[in-house]
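So you know, we letter chains A, B, ... as the sequences are listed, proteins then strands, and number each from 1.
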Amino acid sequence: MTQMPSPPPEELVKQWESEQKRLRQEVLEEDTEDWQRSPDFAGLERVGGVDLSFIKGDEVNACAQLVVLSYPDLKVLYEDSRMVTLTAPYVSGFLAFRETPFLLEALQRLETSQPTLVPQVVFVDGNGLFHYREFGVACHLGVLSGLPCVGVAKNLLQVQGVLKDEEHQSQIAALQKGGDSFPLTAASGKVLGKALRSCDKSSKPVYVSVGHRISLDAAVRLTHLCCRYRVPEPIRQADVRSREYLRIHFPAPDT
DNA sequence: GCGACAG
DNA sequence: ATCTTGTCGC
């Protein structure tokens, strides 16, 4: 039997909206670290990536993953996989309330056990300021953790007047090589993020936006430098390893 | 009624 | 998010 998605309680959504409006005030949209100002990011040694993977028909059980890679080598220095039980449902625009608590716990475990391995910036699967209320999951994790964060979404969210129309498609077609990008501009005129051709091989862009404590230009440049494939290596490793964890500990039901 | 809908 | 094989290319 297929369970229809239950409508999210509107009271909860209102509470979530005010929470986002409150925390939004804490976001820093500029570079706050010396390495971010350096042309080659000198001083940057550790980049983090987080993600959650789910079991096929299970809405509440998931594997929360944190990885820390060396920079610029992009070798895995630390890995943490943890089964968690989600409580909040997925509602577009409120992803953070579903995932952030467990990502924060992973960062706190690292801070406690191996503080010298805490990443200097964290790549988050999802948007940052490129969001209905300019407070996506990358901002949420950034503000609550205090760490610089970058949001990288694989799909375009149509927000604040940004549309995926024929014009958008033509802008994508104009991205010639890895590193090329174009701005995602809100109706207000503010640039909320950038569509980035992350590497030469992928014609489909990723959508980069500021999470916390980093400028958009630095976020886009760093994202490009962290891409071996379309998805930045920190996020890709978190995704690969969390799915591997599920494959080993929760094998698919035998027919 | 139709389309949109990060993960 | 997850469901899914092969196929084309280096």
Side-chain angles (χ1 to χ4, degrees), chain A residues 1-8 13 16-17 20 49-66 81 83-104 106 122-142 149-166 168 184 186 192-196 198-211 219 223 228-232 234-236 238-247 250-253 255:
Chain A
M1 289 296 247
T2 58
Q3 179 61 47
M4 293 292 286
S6 54
V13 168
W16 282 351
E17 282 186 344
Q20 290 180 329
V50 292
D51 191 29
L52 259 64
S53 286
F54 298 78
I55 301 176
K56 54 178 179 182
D58 198 323
E59 272 292 286
V60 301
N61 296 300
C63 177
Q65 185 79 35
L66 165 64
S81 308
M83 286 308 296
V84 298
T85 301
L86 306 193
T87 56
Y90 169 67
V91 181
S92 181
F94 303 94
L95 175 64
F97 293 95
R98 178 168 167 79
E99 304 192 343
T100 292
F102 310 100
L103 302 179
L104 252 182
V122 179
F123 282 89
V124 183
D125 204 347
N127 296 301
L129 291 177
F130 187 60
H131 177 272
Y132 304 103
R133 290 164 293 281
E134 296 184 20
F135 197 72
V137 63
C139 297
H140 208 119
L141 184 63
C149 286
V150 175
V152 181
K154 296 181 292 295
N155 295 292
L156 179 70
L157 188 59
Q158 298 194 149
V159 301
Q160 299 193 33
V162 177
L163 303 173
K164 58 178 172 197
D165 51 15
E166 49 290 316
H168 181 74
L184 301 170
L192 298 179
K194 286 191 176 183
L196 168 74
S198 56
C199 64
D200 292 332
K201 291 194 60 175
S202 75
S203 57
K204 182 176 180 178
V206 293
Y207 300 93
V208 180
S209 59
V210 170
T223 297
R228 283 216 223 286
Y229 304 101
R230 178 181 175 238
V231 174
I235 291 176
R236 200 180 75 84
D239 179 78
V240 166
R241 289 162 190 258
S242 57
R243 287 201 293 201
E244 171 73 352
Y245 183 94
L246 291 181
R247 186 180 70 73
F250 300 88
T255 60

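- A:K204 has its NZ atom 12 Å from the C1' atom of B:dA6, to the nearest Å.
- Atom-to-atom, NZ of A:K201 to P of C:dC10 comes out at 9 Å; the value is rounded to the nearest Å.
- Dashed line: the shortest gap from a side-chain N or O of A:K154 to OP1 or OP2 of B:dA6 is not under 4.0 Å.
- Here the shortest heavy-atom pairing between A:V60 and A:D58 reads N-OD1, 2.9 Å.
- A donor-acceptor pair shorter than 3.5 Å cannot be found between the side chains of A:Y245 and A:S53.
- A:I55 comes within 4.0 angstrom of nothing in the nucleic acid, heavy atoms only.
- Across the protein-nucleic acid pair, A:L163 atom CG and B:dA4 atom C1' stand 11 Å apart, rounded to whole Å.
- One can place CG of A:D239 at 12 Å from C1' of C:dT2, the figure rounded to the nearest angstrom.
- Here the C1' atom of nucleotide B:dC5 and the OH atom of A:Y90 are 6 Å apart, to the nearest Å.
- Between A:F97 and A:W16, the two ring planes are parallel [angle under 30°; tilted spans 30° to 60°].
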Run the numbers on A:V159 and A:F130 for side chain to side chain contact (heavy atoms under 4.5 Å, CB included), then give the verdict.
-> CA-CA 7 Å; A:V159 301; A:F130 187 60; 3.6 Å; yes
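- Distance A:L184 CG to B:dA6 P: 15 Å, rounded to the nearest Å.
- Checking the phosphate oxygens (OP1, OP2) of C:dT2, a side-chain nitrogen or oxygen of A:R243 falls inside 4.0 Å.
- In this structure, A:N155 reaches the B:dG7 phosphate: one of its side-chain N or O atoms is under 4.0 Å from OP1 or OP2.
- If you check every strand for non-hydrogen atoms under 4.0 Å, A:D125 touches sugar and phosphate atoms only.
- Following rounding to the nearest Å, A:L95 (CG) and B:dA4 (P) show an atom-to-atom distance of 21 Å.
- Residue contacts shown for A:F94 include a base, since a base heavy atom lies under 4.0 Å away.
- Closest to the A:A153 side chain, of the nucleotides C:dA1, C:dC3, B:dA6, is B:dA6.
- There is a side-chain donor-acceptor pair under 3.5 Å between A:R133 and A:Q20.
- The NZ-C1' distance, from A:K164 to B:dC5, rounds to 8 Å in whole Å.
- Among the protein residues, A:G93 comes within range of the nucleic acid bases, having at least one heavy atom under 4.0 Å from a base atom.
- At a threshold of 4.0 angstrom between heavy atoms, the contacts of A:V91 with the nucleic acid are absent.
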